[in-house]
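Heads up, the thing below is written out as structure tokens.
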Amino acid sequence: MGNAVAEKYDVIIIGSGAGGGTLAHSLAPTGRRILLLERGGFLPREADNWNPTKVFVDGKYISKDTWYDADGQPFVPQVHYFVGGATKMYGAALYRLRPMDFGEIRHVDGVSPAWPVSYDEFEPWYTKAEWLYQVHGTHGEDPTEGHWSKQYPWPAVSHEPRLQEIFDGLTAAGYHPFHSPCGILLNEVEPFRSQCIRCVWCDGYPCLTAAKSDTETLAVRPIMDLPNVDLLIDAHVTRLDTDPSGRTVTDVIVVRNGVTERYSADIIVLSAGAANTAKLLLASANDKHPDGLANGSDQVGRNYMFHNSRAVVAFSRERNPTQYQKTMAINDFYGPTKDYEFPMGNIQMVGKSLAPMYRGEKPLLTKFAPEWTLDEVASHTVDYWLTTEDLPLPTNRVTLAGDGNIQLTYQVTNEPEADRLYDELKTILNHTGTPEHAVIDRNVYSSMDIPVAGVAHQSGTARFGSDPATSVLDIDCKAHELDNLYVVDTSFFPSIGAVNPALTAMANAIRVGEHLTARLG
Ligand SMILES: Cc1cc2nc3c(=O)[nH]c(=O)nc-3n(C[C@H](O)[C@H](O)[C@H](O)COP(=O)(O)OP(=O)(O)OC[C@H]3O[C@@H](n4cnc5c(N)ncnc54)[C@H](O)[C@@H]3O)c2cc1C
């Protein structure tokens, strides 16, 4: 990347995660001058990356921040402020939303709204994102999938023997398990193959071998040598200022190394993650935008979603020596079934659980258990992750607390659907030789004070739509009320579906990148 900090840029992108980093990658070849502002630094590659005690119990890579719950109680959110954003820690399960997710869906607790674009319109960018992020998978296995214009760039990661047994058992019982789409760089890291494919860690851990398809590795680093791209790390954006008309963002205010700086560009793109993007918009209120920038609709910060998820640990007498467990998923309950009128969601595998993770999740329960007993339990488990869609309630929202930090009000939705999905899993387990099981806390990724702290799948706080009265962004993800402000993180989601969100953010960033390329001429 160019070292000099230019005075005026064509595009400033705030946040280098799935949305912002991918957008920078998409715009870099235009030769336009791009400034990427990232609050964090580079996540260090070190032995602790794969140390479950450091990662899960000590929360070494959780960034220091203070948010408040609805009652005003402070908590530490599970956020990761690094180049690459949350993708440095993600499980790289890179799913497309299903076509039904783009339409209106009736749920037990209300209606999940339609997107302003259809799946078919969105499809070309999913393909581009799958190729950029080198996803392994097999299109055509899962009956809920929409059409695809190109097969995945790499074949699906094969199941290890215990997973293959489970896969075969489910298929024989009439279910439709499929190979889950995995963002993993098997070919690029052939020398490390034994560590990588056998790696237990992926989900919730940084990747020591840089074999995870994260945004730093595949979107930001490849453009680092281009003279038209500047990256500023430890650059905390605190406010956006507009011209007197309120139509144009003129200055991006940044605190870097304790010093306040100002940057300007023709186009400003906000991609700080759904909660922080809402925070920045609200904190940038001015005379023309008294309730927050781009917030004439009063939708900024509202409709916060993060999935109704459960981790289920199933025990069997048989050992499960699987190292890379995330190769299988089941969508048989994604929509309504003949026995239940509402959608239930997605079942997938989660990274293999380990003894220190139980200590992180259940400190009291495991306090007096010797390490070897927990190791023994972990060696017999098969670990599932259940995801039910949650609804974009206007009352689930980000607001600013008195000290300017984020206040998060969240009420879970669609619990009966999540319960029903869990019942279906219990039935499934009878076909996998693992009838014994236990549910562990909602966020398996690391220890946490309260469930609302598990913000991994945050989205929805600045949704896009064609009606400025009910949405913050237009179809191109430009703020309705401003001429040069865009948002490309998961804030733009009008609904979240029941599969992991990152690929949709990446695909959308490429889509918006093409729009901006055309706009910049
Ligand atoms: C443990 C874990 C596991 C996950 N597993 C999966 C998975 O398997 N599949 C999947 O699809 N999704 C997964 N996710 C979710 C996925 O990582 C996110 O949906 C995705 O990264 C969101 O992209 P984003 O661009 O909205 O935000 P982010 O990727 O979080 O990027 C936001 C960026 O903005 C920066 N930033 C924030 N505030 C400021 C500021 N004021 N100034 C400057 N910079 C700022 C942040 O540091 C960050 O780099 C997981 C997440 C976690 C935490």
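Computed from a prediction, not measured in an experiment: that's the story for all the values here. Every number for a ligand or one of its atoms is a count from 1 in the order of the listing.
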Should you measure from each heavy atom of His80, which atoms of ligand 1 turn up under 4.0 Å away? 53 (C)
Would one find an N or O of Thr490, backbone or side chain, under 3.5 Å from an N or O of ligand 1? yes
Below 4.0 Å, non-hydrogen atoms only: which portion of Phe82 touches ligand 1? Side chain, backbone, both or neither. backbone
Test of proximity, Ala86 against ligand 1: N or O pairs below 3.5 Å: yes
Atom indices of ligand 1 within 4.0 angstrom of His236 heavy atoms, with elements: 40 (C), 41 (N), 42 (N)
Which of the atoms of ligand 1 are close to Met89, meaning less than 4.0 Å from one of its heavy atoms? 1 (C), 2 (C), 3 (C)
Under a 4.0 Å heavy-atom limit, does Ala92 contact ligand 1 with its side chain, its backbone, both, or neither? backbone
For Tyr81, is at least one N or O under 3.5 Å away from an N or O on ligand 1? no
Ionic contact status for Asp266 with Arg32, cut-off 4.0 Å: no
At a non-hydrogen distance cut-off of under 4.0 Å, which region of Leu37 contacts ligand 1 (side chain, backbone, both, or neither)? backbone
Take the angle between the ring planes of Phe464 and Trp115 and call it parallel below 30°, perpendicular above 60°, tilted in between. perpendicular
Does ligand 1 have a heavy atom under 4.0 Å from the side chain of Gln78, from its backbone, from both, or from neither? neither
Please determine if Gly20 has a nitrogen or oxygen closer than 3.5 Å to a nitrogen or oxygen of ligand 1. no
Looking just at side-chain N and O atoms, do Tyr68 and Asp403 make a donor-acceptor pair shorter than 3.5 Å? yes
Relative to each other, are the rings of His139 and Trp148 parallel, tilted or perpendicular (30° and 60° limits)? parallel
Counting each atom of ligand 1 from 1 as listed, which ones have a heavy atom of Thr87 under 4.0 Å away? 17 (O), 21 (O)
Tell me the contacting part of Ala505 for ligand 1: side chain, backbone, both, or neither, using a 4.0 Å heavy-atom threshold, strictly below. neither
Do Glu216 and Lys88 meet the salt-bridge criterion of a basic N to acidic O distance under 4.0 Å? yes
Check Glu46 with Lys54, please: is the shortest side-chain N to carboxylate O separation under 4.0 Å? no
Which one holds for Val237 and ligand 1: side chain close, backbone close, both close, or neither close, with close meaning a heavy atom under 4.0 Å? both
Does an N or O anywhere in Ile14 fall below 3.5 Å from an N or O of ligand 1? no
Would you check whether Asp203 has a nitrogen or oxygen atom less than 3.5 angstrom from a nitrogen or oxygen atom of ligand 1? no
Shortest non-hydrogen contact from Val512 toward Leu23: C-CD1, 4.2 Å
Side-chain donor-acceptor contact under 3.5 Å, Tyr410 with Asp390: yes
Can Tyr119 and Asp101 be counted as having a side-chain donor-acceptor contact under 3.5 angstrom? no
Heavy atom to atom 34 (O) of ligand 1, shortest distance: which of Gly19, Pro501, Ala272 holds it? Ala272
Of Val488, Asn500, Asn508, Leu94, the one whose closest heavy atom lies nearest atom 7 (C) of ligand 1 is Asn500
I need the contact type for Ala235 against ligand 1. Using non-hydrogen atoms and a strict under-4.0 Å cut-off, is it side chain, backbone, both or neither? backbone
Over all heavy atoms of both residues, which pair between Gln458 and Trp67 is shortest? Give the atoms and the distance, please. NE2-CH2, 4.5 Å
Under 3.5 Å, is there a donor-acceptor pair between the Ser180 and Gln348 side chains? no
Apply the test ring-ring contact (aromatic ring centres under 6.0 Å, His included) to residues Phe56 and Tyr205: give CA-CA distance (whole Å), side-chain angles for both, the deciding distance (0.1 Å), then the verdict. CA-CA 9 Å; Phe56 271 79; Tyr205 292 81; 5.1 Å; yes
Run down the list Ser63, Gly15, Ser271 and name the one with the heavy atom closest to atom 32 (C) of ligand 1. Ser271
